[in-house]
Structures are given as structure tokens and as C-alpha cells.
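Below is one structure, written out as C-alpha cells; comments come after it.
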Amino acid sequence: MTLSVTNTLTGEREPFEPQDPDSVLLYYCGLTVSDFAHLGHARGWVHVDVMHRWLEHLGYDVHHVENITDVNEKITARVGEDDLGDSESEVARSFVTETIRDMRSLNLRRAEVYPRVSEHVPEIIDLVETLVEKGYAYESNGSVYFDVTTFDDYGKLSNQDVEEMEAQGADGELAEKRHPADFALWKADGVDEGSVEEHRDPDTDYAVDHPEGETWDSPWGEGRPGWHIECSAMSMTHLDETIDVHVGGQDLVFPHHENEVAQSEAATGQQFVRYWLHVRLLETEGEKMSSSLQNFFTVRDAVAELGANVVRMFLLSTAYDNRQTYSDDTVAEAEDRWERLSAGYDRAVDALDGPDAGTKVEDDDLRAAVEDARKAFADAMNDNFNTRRALAALLDLVTAANRHLDDREAFDYVGLRRTVETFDAFGGGVLGFTFGGETEGDVRLAENLVELVLDVREREREAGNYERADELRDELEAVGVDVQDTDSGPEFRLP
């Protein structure tokens with residue numbers, strides 16, 4: 001069975017055929033760094049990670065790019081809050097640091113690059129200029145808008161008619177636009193004060209009252225990029241004009257991804273994406289998990305409490321394109337499944353490496369179960385990356401291995417070796433679990449404790465107690481924590 005995927009663009013299940021038979025260009029719409037990442041974000045991260053791993057398992061050279069949006073009114077709204085920073089760039093930097101740390105805690109394969117919007121403003125401006133020159137975009141009062149009526153296929157991804165679409169953008173933009181559905185490629189000046197206030201907490205005291213956000217020079221005057229143009233510019237900069245796979249949350253189909261298609265294909269005349277894959281949202285109490293609804297469980301807290309393996313088990317227990325619900329019951333089920341898989345792995349390893357695994361013992365049932373599990377796993381992953389069924393195949397193998405170990409005093413060495421290899425290759429290599437003991441939760445706890453000590457050290461320094469501050473640093477370094485003072489604050493590395 002070869003890999004097939006459900007393409008949002010066509011609504012059909014299609015055989016996966018990348019442009020280059022040896023490599024895959026994969027782009028994932030990453031996080032807007034305006035808060036700590038939560039399990040809804042992690043759902044996308046983990047499923048894309050498994051897609052990446054399975055494509056590599058199939059023999060492809062995967063070029064994986066994931067953007068970080070560090071220019072956004074939600075980021076500007078947090079300027080002057082607590083110790084996040086007194087500018088949009090400082091706040092973004094604070095959350096970028098935490099986002100990358102969360103990614104590492106989940107045992108994700110690193111992308112080839114994590115481009116940031118602030119680094120790619122020249123490429124964004126070049127792309128906007130191309131669209132203006134080709135007649136797809138127009139300037140209005142220092143802003144630039146994409147004219148949706150000039151692109152015949154507008155609406156093809158979300159399956160909508162342009163004349164039936166609701167207006168896009170802020171209410172204040174309507175007077176500047178030719179058509180209500182036109183969208184901003186470049187926004188004049190800084191962030192609108194009303195947009196900032198909309199995202200500010202009325203119960204928080206901010207050190208900066210009216211932040212305007214970062215701006216850049218452009219042919220149309222001082223301003224900042226529109227939201228949609230960033231992904232087109234970054235994917236074409238780091239991948240190509242046409243990419244194989246674009247993954248993102250289901251809530252991004254319209255308008256974000258629809259607008260990406262229009263502006264990219266208008267600029268290049270080429271198909272932008274061959275396969276669009278959309279991750280269904282994680283829900284809690286019937287609503288999507290989101291920072292704005294304050295119904296989220298942060299990645300850092302989840303990993304500290306449950307460990308990365310249980311978090312991955314929870315997220316992978318539902319296929320990426322199916323609805324998933326977060327609750328005490330679904331988390332408890334994930335804990336049980338991980339305990340079963342982990343215990344089965346450990347028991348198989350102990351028996352394999354023990355004195356009772358013999359070269360002349362053969363268990364046809366165990367060996368057949370291994371081959372059945374490998375085939376079932378591969379069939380599941382080739383069926384639109386169905387991780388739920390893939391996990392079921394591994395758990396069936398746990399049952400078969402336990403039955404083998406329960407039924408006899410001497411064990412089939414070859415069968416057990418093949419069993420452990422299957423767990424390592426598929427459970428570890430593809431699904432990203434860490435067998436043989438888990439330290440991720442302990443690492444997160446250690447990081448949190450070090451951060452608390454550094455916070456105390458900073459307060460001692462601010463109070464002029466430099467000797468005590470130095471003692472705290474020396475005590476951290478004595479247990480192997482390397483502390484470096486930088487312009488943006490202390491940074492550390494665990495042993």
C-alpha cells in the first residue's frame with residue numbers, strides 16, 4: 001500500500017506523488033508567539049512531526065519549514081506586561097524562547113529552518129511589489145490590498161463564492177478597499193490602537209500605555225506586513241514556488257490559506273501547494289482550545305505533569321483530521337495506553353537480554369504477530385497518516401509479546417528481537433516515543449526550579465545585594481548549571 005492523503009483542495013483522497021520522487025517540500029503554519037504554547041498547538045506540532053518521520057521512513061529527503069509569527073497585534077498588546085519586554089520585538093523574543101523550549105520538550109524533529117516574519121520583511125515587500133506590478137494588488141492610503149476579483153480561482157480552497165464572502169479585516173479598512181473581501185498585504189503605520197486594546201487585559205497594569213508595534217520602510221510608506229503574505233514569502237524563500245505539502249490548523253482554511261493560494265499563484269503563475277492537509281482543532285468542553293478563551297493547558301505544564309510520552313500518546317490517539325477532545329478521561333486513557341506500551345517494551349527487552357531467550361525456541365504465533373503489526377502499522381500510516389490505527393497495531397503486538405512471555409519459561413530470541421526492533425522503529429522512530437525510561441518531565445521541573453533561582457538572583461541584584469546574587473550563581477554552577485548573563489537577561493544550560 002502506498003501513501004495516500006486527503007487533500008483539502010480537492011476534498012478527495014489522493015495518492016501522494018511529490019514533484020521530486022526523492023524529496024518532499026513540507027511547510028507548516030507555525031505559532032504566533034503572543035502566549036505560551038498549549039496542547040492545541042502541540043497537536044499540530046506532534047502530528048506534523050510524525051508526518052515528517054513517516055515520510056523519512058518511506059525514504060524521502062524531507063525539507064521541513066515551520067514559520068514563527070513574531071509580528072502581530074496580539075504580541076503588541078502584551079508590551080509592558082510583567083517582564084515580557086517594552087517593545088513588540090522583546091515580547092516576541094520572550095515567547096520564541098519558550099516556544100522552542102516547548103518544542104524540544106516534546107521530542108520533535110527539528111525543522112530545517114524556523115523563519116520569522118521580522119527577518120523576512122524585504123522578501124515580503126518584494127512579493128507585494130510583484131502583485132502590484134501584475135495588477136493583482138493596489139495601494140490605498142499607504143496600505144496595499146489584494147484585489148480578490150482579479151484572481152479567478154479565489155475561493156477554490158475553502159469552496160466559497162467571492163460574492164458571498166464576508167468582509168475581511170478591520171472595520172476601518174472597508175473605506176480603503178475596492179471589494180469587502182479584499183485583504184491587506186501591507187498595513188500603513190503601526191498597529192491600530194483599538195486592535196491592541198481589544199487584546200489587552202483590563203486587570204493588568206502595563207508599563208507601556210499605547211504601544212504601536214514595529215514598522216518598516218516600504219515603497220508605500222512606513223508600515224508593517226499583513227498577516228497572510230508572510231507565509232507565502234517565507235515558504236517561497238526557503239522551499240520553492242510550488243511546495244508538496246502545506247499543513248495547518250483547520251481554522252486557517254479561510255481566510256489565511258485561501259489568501260496564501262491567491263497571492264502566491266497570482267505572483268508566480270504556478271500552483272502553490274499540491275497537497276493541503278488540515279489538523280482538526282483540539283476541543284475542551286465543546287469549544288476549541290485557545291489562549292483567547294482561557295481554556296487551555298500549556299505544553300510546559302502538560303509535560304511537567306504527564307511527561308512527553310503521555311502527551312504524545314494523547315495527541316496521537318486521534319488521527320490528525322478527526323475531532324479530538326481534551327478531558328480528564330481522555331488523558332487518563334492516554335496514560336493507560338502509554339503504561340501498557342512502555343511496560344510491554346520493557347518486558348520484551350528484559351526477556352530478550354535475559355538468559356531464557358534461546359536460539360532454538362521458535363514461536364510461530366509471535367513471529368506472525370510481529371509481521372502483522374508491521375504491516376498494519378504501515379497500512380495505517382499510509383492511510384492519510386492514521387496514527388490511531390498505527391498505535392493499535394503496536395498495542396496488539398504488546399498483547400502478543402505478553403502472551404508469549406506468559407506461556408513459557410524459554411523464549412524465542414529471534415521473535416523477541418524482531419518485536420523490540422518493531423517498537424524501536426515504529427514506536428520510537430516514527431511516533432517519537434522515548435522508551436526505556438523518561439526524563440522529560442524531570443527536565444522541565446529542573447528548568448522551572450533554575451528559573452525560580454535566577455528570578456531570586458535578579459531581585460537580589462536589583463536590591464544591591466550583589467554578594468548574595470553571586471552566591472546563587474555559584475551554587476547553580478556547582479551543580480552543573482551554566483549561567484550566562486546577556487543583554488536580554490540571564491540564560492542557562494542544564495548539565
Side-chain angles (χ1 to χ4, degrees), residues 1-3 46 49-62 107 109 307-314 316-317 319 333-383 385-442:
M1 180 178 180
T2 57
L3 175 62
V46 170
D49 179 60
V50 171
M51 292 175 187
H52 180 156
R53 290 166 178 265
W54 184 246
L55 289 167
E56 285 188 340
H57 180 85
L58 294 178
Y60 294 110
D61 183 14
V62 180
N107 193 30
R109 290 280 179 89
N309 284 320
V310 173
V311 173
R312 290 186 74 102
M313 177 64 76
F314 165 68
L316 296 176
S317 293
E333 184 178 28
E335 290 179 297
D336 290 343
R337 286 178 176 172
W338 168 246
E339 177 59 29
R340 184 181 166 203
L341 180 60
S342 177
Y345 175 88
D346 290 342
R347 190 181 183 199
V349 168
D350 289 344
L352 175 63
D353 294 338
D356 297 321
T359 58
K360 292 187 177 180
V361 178
E362 295 185 17
D363 183 349
D364 292 339
D365 290 340
L366 176 61
R367 297 186 184 191
V370 171
E371 297 312 310
D372 288 346
R374 295 180 72 90
K375 182 179 185 306
F377 186 98
D379 286 348
M381 292 303 297
N382 282 331
D383 184 14
F385 304 105
N386 192 321
T387 54
R388 181 187 65 80
R389 283 175 41 212
L391 278 168
L394 294 184
L395 292 172
D396 285 345
L397 182 56
V398 169
T399 299
N402 285 336
R403 185 181 302 116
H404 171 77
L405 297 174
D406 289 340
D407 287 348
R408 63 197 70 225
E409 295 180 357
F411 308 131
D412 180 352
Y413 176 88
V414 173
L416 286 175
R417 178 174 57 79
R418 188 67 168 155
T419 297
V420 171
E421 288 173 347
T422 300
F423 288 141
D424 283 334
F426 290 160
V430 176
L431 298 184
F433 295 120
T434 304
F435 291 111
E438 182 176 13
T439 61
E440 293 94 334
D442 296 335

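All values derive from a computational prediction rather than experimental measurement.
Going from atom CG of Asn107 over to atom CZ of Phe433 covers 10.0 Å, rounded to the nearest 0.5 Å. Interatomic distance, Phe426 CZ to Arg374 CZ, rounded to the nearest 0.5 Å: 4.5 Å. In this structure, CG in Asp396 is found 9.5 Å from CG in Asp372, a value given to the nearest 0.5 Å. We find the CZ-CG distance between Phe377 and Leu397 to be 11.5 Å, quoted to the nearest 0.5 Å.
Annotation: side-chain hydrogen bond (donor to acceptor under 3.5 Å, both in side chains) contacts of Asp412 (sequence neighbours excluded): Arg367. For Asn402, the side-chain hydrogen bond (donor to acceptor under 3.5 Å, both in side chains) criterion is met by Arg347, not counting sequence neighbours. Annotation: side-chain hydrogen bond (donor to acceptor under 3.5 Å, both in side chains) contacts of Arg337 (sequence neighbours excluded): Ser317, Glu333.
Between Leu341 and Phe423, some side-chain heavy-atom pair lies under the 4.5 Å cut-off. A heavy-atom distance below 4.5 Å is not found between the side chains of His57 and Met381. Residues Leu416 and His404 have side chains in contact (heavy-atom distance under 4.5 Å, counting atoms from C-beta outward). A 4.5 Å side-chain heavy-atom check between Asp356 and Arg408 finds every atom pair outside the cut-off.
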Criterion side chain to side chain contact (heavy atoms under 4.5 Å, CB included) on Val361 and Phe411, from CA distance to verdict: CA-CA 6 Å; Val361 178; Phe411 308 131; 5.7 Å; no
Given Arg418 and Leu366, is the side chain to side chain contact (heavy atoms under 4.5 Å, CB included) satisfied, shown in steps? CA-CA 9 Å; Arg418 188 67 168 155; Leu366 176 61; over 6 Å; no
What verdict does the side chain to side chain contact (heavy atoms under 4.5 Å, CB included) test give for Val430 and Val50, after you've listed the backbone C-alpha separation in whole Å, the side-chain angles of each residue and the deciding distance to 0.1 Å? CA-CA 6 Å; Val430 176; Val50 171; 4.3 Å; yes
Could you give me the CA-CA distance, side-chain angles and deciding distance for Tyr345 and Val420, then say whether side chain to side chain contact (heavy atoms under 4.5 Å, CB included) is met? CA-CA 7 Å; Tyr345 175 88; Val420 171; 4.0 Å; yes
Apply salt bridge (Lys or Arg N to Asp or Glu O under 4.0 Å) to the pair Asp365 and Arg403, showing each step before the final yes or no. CA-CA 10 Å; Asp365 290 340; Arg403 185 181 302 116; over 6 Å; no
Glu421 vs Arg417, salt bridge (Lys or Arg N to Asp or Glu O under 4.0 Å): CA-CA, chis, key distance, verdict: CA-CA 6 Å; Glu421 288 173 347; Arg417 178 174 57 79; 3.1 Å; yes
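Pairing each heavy atom of Ala401 with each of Thr419, the nearest pair is CB-CG2, 4.2 Å. Of all non-hydrogen atoms in Leu316 and Thr387, the two that sit nearest each other are O-OG1, 2.8 Å. Nearest heavy-atom pair across Arg340 and Val398 is O-CG1, 3.8 Å. Closest heavy-atom contact between Arg53 and Gly428: NH1-O, 3.3 Å. The heavy-atom pair separating Ala393 from Ala376 by the smallest distance is CB-CB, 3.8 Å. The minimum heavy-atom distance between Trp54 and Ala378, with the atom names listed, is CH2-CA, 3.8 Å.
In this structure a side-chain-to-backbone donor-acceptor pair under 3.5 Å is present from Asn309 to Thr434. The backbone N or O of Arg389 sits less than 3.5 Å from a side-chain atom of Asn386, completing a donor-acceptor pair.
Ring centroids of Trp338 and Phe435 are separated by less than 6.0 Å, placing the two rings close together.
Using a cutoff of 4.0 Å between basic side-chain nitrogens and carboxylate oxygens, Asp379 and Lys375 are scored as salt-bridged. The pair Arg312-Asp49 meets the salt-bridge criterion, since a charged nitrogen lies less than 4.0 angstrom from a carboxylate oxygen.
Residue Tyr60 qualifies as enclosed at atom OH: its count of foreign heavy atoms under 6.0 Å is above 12.
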